[in-house]
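Remarks on the structure that follows.
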Amino acid sequence: MDKQTVARVLDEIATLLELRGDEGFRARAFRTAARALEELEEDLASLIARGELRTVRGLGPATARVVQEVFETGTSSYHEELRREVPDGLLELLHVPGLGTKRIHTLHTRLGIASLDDLEQAARAGAIAELPGFGKRTQERILEGIAYRRRTAGLRRRPEALATAAELLAWLRADPSVVRAEPAGALRRGLETVDGVDLVAAVDGDGQELLGRFISLPSAEPGERTADDAARVRLGGIEVRLRVVPPEAFGAAWLHATGSEAHVEALRERAAARGLRLDADGLWDGARRVDAADEDGIYRALGLDVVAPELREGSGEVEAAGAGLLPRLLRYEDLKGCFHVHTTYSDGRATLKEMARAALERGWRYLGIADHSQAAAYAGGLRLEDIVRQHEEIDAWNAEHGDRLWLFKGIEADILADGRLDYAGLEEDVLERFDFVVGSVHSAFGSSQTEMTERIVRAMENPHLTFLGHLTGRLLLERDGYPLDVEAVIEAAAERGVGIEINAHPARLDLDWRWWRAASARGICAAINPDAHDAAGLDDVRYGVTVARKGWLGVRNVVNAWDLEEVRAYFAKRKGRA
DNA sequence: GCCGTTTTCGGCCCGACTGTTTTCAGTCG
Ligand SMILES: [Zn+2]
């Protein structure tokens, strides 16, 4: 039982207390305890073994009891009691933008609302606007939030989908009848969200027995057969679709299950033009199977370079593959570091040195620290004295370890409502002290598209700005980004030589891959930034690499795939305009 | 619920923004 898990229970207790309408400071105490646990330098197990839990500042009798119980048994009776008391539906309502625990409590007690359906009914009937503290606008926002929730209900983000795929692939590959099993569909193409997990297995025999066991997996809800050679189950709320084929048909089956439809259609046309026929079972010359047990063989038989799964979106990749014009795509191994990493100086959960060591472990040559700026007060944004302290620590690190891992001094500066960068109004040129500046919008999401676009374009007028951070502000499956004329921003960024971040957090993946061909064509550089708040978060750059590949990007387009000296030169050139 | 003592209970709490108000509660990053 790790401290993160225990902290999550404490956080949920706090949320449940708030939903129940308890006095706010009690809930706060549980949240404080959760943070205290996260920031614990020491191992939780040894602390408990020594009976010193209570010595941790922020843990008192009640919270320490919960920690101890969760650590020993995996659950907390207090937590479970609250779960029984508070309707499950109330937790779901927290995902509706504009609704927090207080308002949900009010909705529950005044209108008996305990689910998304209840909420929708009440909003449609106009009952919510009548409540004190609520109004017409709030009611509208609630309906918008419900619609978004409904629209995205069957979708999953990549980490969850990949974990489900891995679990079932392991199960398939352990089966003696399975020759080969692979993921396919949108997951394999690297889409930011998927409506399910597609798997293809090559099997000895007809696979009927395997499909039978697949739909009655003990860990899944009972599934169903969808065709002679296919079935689907739901596992942890995710739909998993499996097709089984004989080994000689695997290449074509995998290709079809991977898609996209547009890509496969383009391949079919290409086959037809060569007098061949491509279907989900093979590539055919009349009745004769063209040898294509693997995908590569099919592409080659069609006179094409192999198209990486990420590019198979029907956007000219087949023509490019025929002309030998496919880009050499970025790989994870190309990365030499990354920027936009948080530490305990602001809201990170790992210290600067822990993050630096984690970067070393990954074989990186440099790391860009970028904590929050002072406007992000809640996130512990850096005040001027914090900046000085952090820069001293970075200088000391570089003096000692800079030959192995160089730390760049960066900051995630808020783009304020008027388009100024945080710190920009001060007498001394604070932003000048940094090697790079990531500019991000964290407030005033409600403005119009014109205002938001002007605000971000204005931020780019500050010559210190190096990268635009999570440009559209979207949170996948939580909310759309704010309204923004991305094309205009790209145009302005190109003119001013500002780079754009591929925020690699799996809930952001922002700027989206769909923009990157246009952006790179205008010479805009990408930075694959993990926005990491702990060491494990650094590995999110892998999701960012997928986005870059979907955007047809290669090493030259991605700043953190460059050598240390090149990055230094890039930053210096940006600063030179100041 | 936890802290910190002014040892027995009062104070805790980041600030901008929004929508609801007509001075502020609630949400959010
Ligand atoms: Zn941010």
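Quick caveat: nothing in here was measured; it's all calculated off a predicted structure. Every chain is numbered from 1, with letters handed out A, B, ... down the list of sequences.
The C1' atoms of B:dA16 and B:dT6 are separated by 36 Å, rounded to the nearest whole Å. Rounded to whole Å, the P atom of B:dA25 lies 13 Å from the corresponding atom of B:dT21. To the nearest whole angstrom, the two C1' atoms, one in B:dC17 and one in B:dT23, are 16 Å apart.
Following rounding to the nearest Å, A:Glu140 (CD) and B:dT18 (P) show an atom-to-atom distance of 16 Å. Atom P of nucleotide B:dG26 and atom CG of A:Leu131 are separated by 13 Å, given to the nearest angstrom. Rounding to whole angstrom units, CG of residue A:Leu416 and P of B:dC14 are separated by 20 Å. The separation between A:Glu478 atom CD and B:dT27 atom C1' is 14 Å, rounded to whole Å. The separation between A:Arg383 atom CZ and B:dC14 atom P is 12 Å, rounded to whole Å. Spacing between atom CG of A:Leu53 and atom P of B:dG1 amounts to 17 Å, rounded to whole angstrom units. The separation between A:Asp414 atom CG and B:dC17 atom P is 11 Å, rounded to whole Å. Rounded to whole Å, the distance from CG on A:Leu19 to C1' on B:dG26 is 14 Å.
Classification of the A:Phe571-A:Phe467 ring pair by plane angle, with boundaries at 30° and 60°, yields perpendicular.
Here A:Thr138 reaches the OP1 or OP2 of B:dT20: one of its side-chain N or O atoms lies under 4.0 Å away.
Of all the residues in residues 92-121 of chain A, A:Pro97, A:Gly98, A:Leu99, A:Gly100, A:Thr101, A:Lys102, A:Arg103 reach under 4.0 Å from DNA chain B with at least one non-hydrogen atom. Residues of residues 21-34 of chain A having a heavy atom closer than 4.0 Å to DNA chain B, listed by number: A:Phe25, A:Arg26, A:Arg28, A:Ala29, A:Phe30.
Using a 4.0 Å cut-off between a side-chain N of Lys or Arg and a carboxylate O of Asp or Glu, A:Arg31 and A:Glu18 qualify as a salt bridge.
Here the closest non-hydrogen pair linking A:Trp516 and A:Ala526 is CH2-CB, 3.5 Å. Pairing each heavy atom of A:Asp11 with each of A:Arg35, the nearest pair is OD2-NH2, 2.7 Å.
Of all nucleotides present, only B:dC9 satisfies the Watson-Crick or G-U wobble test against B:dG4, with each distance under 3.5 Å.
No option in A:Met460, A:Glu454, A:Arg455 other than A:Met460 meets the side chain to side chain contact (heavy atoms under 4.5 Å, CB included) test with A:Val457.
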Review item, nucleotides 3-7 of chain B N/O atoms under 3.5 Å of protein N/O:
residue: B:dC3; atom: OP1; partner: A:Gly58; partner atom: N; Å: 2.6
residue: B:dG4; atom: OP1; partner: A:Arg57; partner atom: NH1; Å: 2.3

